[in-house]
Each structure stands twice: as structure tokens, then as C-alpha cells.
Amino acid sequence: MNQRTDEPSDHDFEQHLAAMGKRLRAARRSADLTQVELAALSGVDRGNISRAEHGGNISVLTLWHLASALGLRAADLLDDRPLGDR
């Protein structure tokens with residue numbers, strides 16, 4: 001299958017997932033929560049939280065639940081710009 005040159009590559013997508021995972025972990029730690037505590041607050045299984053924090057692919061709904069539990073918008077976890085620059 002040919003890929004258009006203007007489309008993001010799978011590598012780009014994986015890099016964005018990894019960056020989102022780092023932002024999720026930082027937000028969780030900033031809230032002084034363990035993965036187990038975030039799981040209880042969000043209704044998301046701890047394994048899915050761990051997967052997300054390690055750059056795994058999660059659903060938009062899961063991302064929304066995690067962000068909401070952290071007092072954030074899902075876009076805050078996806079956007080790689082600092083919060084003040086948005």
C-alpha cells in the first residue's frame with residue numbers, strides 16, 4: 001500500500017502516543033495520585049492507565065475519562081504545547 005507523503009507515518013503516531021503517555025503520567029503525579037487511585041476516580045482499569053502512560057493506544061472515551069478525573073480536557077493530554085501557550 002502506498003502512503004501519501006503528506007500523511008503522518010505510523011512512527012509519528014507512535015511518537016504522539018508516547019508524548020501523550022508522558023503528559024498523562026505527569027498530570028497524574030502532579031495530582032499526587034497513584035495509578036490505582038486514578039483508576040478508582042476515572043473508572044478506567046489500572047492496566048489501561050499503565051498502557052496509556054507507556055505510549056499504548058487507548059480509546060478516545062478512555063482518554064476523556066482519565067482527563068476528566070484529573071480536572072483536564074482530553075485535548076490537554078493530546079496537545080504537546082505547554083498549557084499557557086494554547
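Being a predicted model, the structure only gives us computed values, none of them experimental. All values below come from the heavy atoms of this structure, side chains included, with hydrogens, waters and symmetry mates left out.
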Practice problem: Carefully, step by step, assess L33 and L70 under the rule side-chain contact (heavy atoms from CB on, under 4.5 Å). | Solution: CA-CA 9 Å; L33 295 172; L70 292 166; 3.9 Å; yes
Quiz item: Measuring from L63:CG to I58:CD1, what's the distance to the nearest 0.5 Å?
Solution: 5.0 Å
Quiz item: Can you name the residues that form a side-chain hydrogen bond (donor to acceptor under 3.5 Å, both in side chains) with T62, not counting sequence neighbours?
Solution: S59
Quiz item: Under 4.0 Å between a Lys/Arg side-chain N and an Asp/Glu carboxylate O for K22 and E53?
Solution: no
Practice problem: Say whether W64 and L41 are linked into one hydrophobic cluster, either directly or through other cluster members, by side-chain heavy-atom distances under 4.5 angstrom. | Solution: no
Quiz item: Looking at A69 and S42, what are the two nearest heavy atoms and their distance?
Solution: CB-CB, 3.7 Å
Quiz item: To the nearest 0.5 Å, how far apart are CZ in R23 and CZ in R28?
Solution: 15.5 Å
Quiz item: If you group Ile, Leu, Val, Met, Phe, Trp and Tyr by side-chain heavy-atom gaps below 4.5 Å, do L72 and L38 land in one group?
Solution: yes
Quiz prompt | Side-chain donor or acceptor of D76 paired with backbone N/O of R73 under 3.5 Å | solution = yes
Exercise. Report the distance from atom CZ of R29 to atom CD of Q35, rounding to the nearest 0.5 Å.
Key: 8.5 Å
Quiz item: Roughly how far apart are N57 CG and E14 CD, rounded to 0.5 Å?
Solution: 10.0 Å
Quiz item: Mind checking whether L78 and L66 sit in one hydrophobic cluster, side chains of I, L, V, M, F, W, Y counted as touching below 4.5 Å?
Solution: yes
Practice problem: Apply salt bridge (charged side-chain N to carboxylate O under 4.0 Å, His left out) to R51 and list each qualifying residue two or more places apart in sequence or on a separate chain. | Solution: none
Practice problem: Give a yes or no on whether I49 and L17 share a hydrophobic cluster (residues Ile, Leu, Val, Met, Phe, Trp, Tyr; joining criterion: side-chain heavy atoms under 4.5 Å apart). | Solution: yes
Self-check item: By side-chain contact (heavy atoms from CB on, under 4.5 Å) - contacts of V36 (at least two apart)
Solution: T34, R46
Self-check item: Closest contact, heavy atoms only, G47 versus D45
Solution: N-OD2, 2.9 Å
